[in-house]
Undergrad: 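Just passing along the structure, written as structure tokens.
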Amino acid sequence: KWIYTSAARAHAVNELFDACALHTRPGDLVLAYDDIPMVHFATETVPFLHNSMPWLYPANIFARDLRDSYAFYQKAPIIVKQKVKTFGDGAGWPEVQLPEPYENWDVNRERNRIMNDFMAEHQYIEVWSSPYFSILKPGKDQQQ
């Protein structure tokens, strides 16, 4: 009550939180990529990066924080990844779909390349997916 959202959006986010309950525990290191910091509050997980909203990072700073966080924790995080833009001109999701995939936008391209390289290096495996979000776990340097 008093939270203004669409039924479809509430359903999509509730599906994500249900999946997070199966694949994360409170206190787990999680990288919520790229502008969904609410995941940490809702799941009581620990942000892997210094900033829980990586979308705000220029690519070079994102790369540095990703590298520094991995060096500090000595393990790769669980990744909760969004597949759609959820704010600004994407605020109408899921009812309104933008014409170009969010991951291909120029503003995201270099940061996504860095993220994809990190996921390849640590052999991430998708353990859950919906049209809007996915959860991935590292196959290498498994989180304890």
Undergrad: Do Q82 and Y132 make a side-chain contact, defined as non-hydrogen atoms from C-beta onward lying under 4.5 Å apart?
TA: no
Undergrad: Taking F41 as the starting point, is it possible to reach V39 by hopping between hydrophobic residues whose side chains are less than 4.5 Å apart?
TA: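 Hydrophobic grouping puts V39 apart from F41.
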Undergrad: Heavy-atom distance under 4.5 Å between the side chains of K81 and M119, does that happen here?
TA: yes
Undergrad: Is there side-chain contact between P94 and R9, with heavy atoms separated by less than 4.5 Å?
TA: yes
Undergrad: Is the shortest side-chain heavy-atom distance between I79 and K137 below 4.5 Å?
TA: no
Undergrad: Can you find a side-chain donor-acceptor pair between N112 and R109 that sits under 3.5 Å?
TA: no
Undergrad: Can you name the nearest heavy-atom pair linking L49 to P54, along with the distance?
TA: CD1-CG, 3.8 Å
Undergrad: Write out all pairs satisfying side chain to side chain donor-acceptor pair (under 3.5 Å) with one or both partners inside residues 39-48, taking only residues at least two apart or from two chains.
TA: H40-T45, T43-T45
Undergrad: Under 3.5 Å, side chain of K75 to main-chain N/O of L29, donor-acceptor pair present?
TA: no
Undergrad: Indicate yes or no: at least one non-hydrogen side-chain atom of P47 is less than 4.5 angstrom from one of P77.
TA: no
Undergrad: Short question: side chain of S134, backbone of W128 - any donor-acceptor pair under 3.5 Å?
TA: no
Undergrad: Run the side chain to side chain contact (heavy atoms under 4.5 Å, CB included) check on R111 and D34 step by step: do they pass?
TA: CA-CA 9 Å; R111 197 175 45 253; D34 70 3; 3.6 Å; yes
Undergrad: Under 4.5 Å between any side-chain heavy atoms of R67 and F118, yes or no?
TA: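 Not in contact.
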Undergrad: Between the side chains of Y57 and D65, does any donor sit under 3.5 Å from an acceptor?
TA: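 Yes, a side-chain donor-acceptor pair sits under 3.5 Å.
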Undergrad: Check the pair E121, D117 against side chain to side chain contact (heavy atoms under 4.5 Å, CB included), reporting the backbone distance first and the verdict last.
TA: CA-CA 6 Å; E121 178 184 350; D117 289 350; over 6 Å; no
Undergrad: Quick one: does N51's side chain have a donor or acceptor within less than 3.5 Å of a partner on M53's backbone?
TA: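 Present.
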Undergrad: Rounded to the nearest 0.5 Å, what's the gap from CG on L16 to NE2 on H23? Could you check?
TA: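 The CG atom of L16 sits 10.5 Å away from the NE2 atom of H23.
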Undergrad: Does R64 reach the side chain of N60, with side-chain heavy atoms less than 4.5 Å apart?
TA: no
Undergrad: Assess, by modelled atom type and distance only, whether the side chains of K83 and S130 contain a donor and an acceptor separated by less than 3.5 Å.
TA: no
Undergrad: For a 4.5 angstrom cut-off between non-hydrogen side-chain atoms, does V127 reach L136?
TA: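 No, their side chains stay 4.5 Å or more apart.
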Undergrad: Can you name the nearest heavy-atom pair linking A76 to Y124, along with the distance?
TA: CB-OH, 3.3 Å
Undergrad: Is there a path of hydrophobic side-chain contacts, each under 4.5 Å between heavy atoms of I, L, V, M, F, W or Y residues, that connects L22 with F17?
TA: no
Undergrad: Measure the spacing between OG of S129 and CD of E15 and express it to the nearest 0.5 Å.
TA: 10.5 Å
Undergrad: Please identify which of these residues, I78, L66, V80, meets the side-chain contact (heavy atoms from CB on, under 4.5 Å) condition with L31.
TA: L66
Undergrad: I would like to know whether Y33 and F62 meet ring-ring contact (aromatic ring centres under 6.0 Å, His included); could you show each step before the answer?
TA: CA-CA 11 Å; Y33 189 78; F62 174 64; 5.7 Å; yes
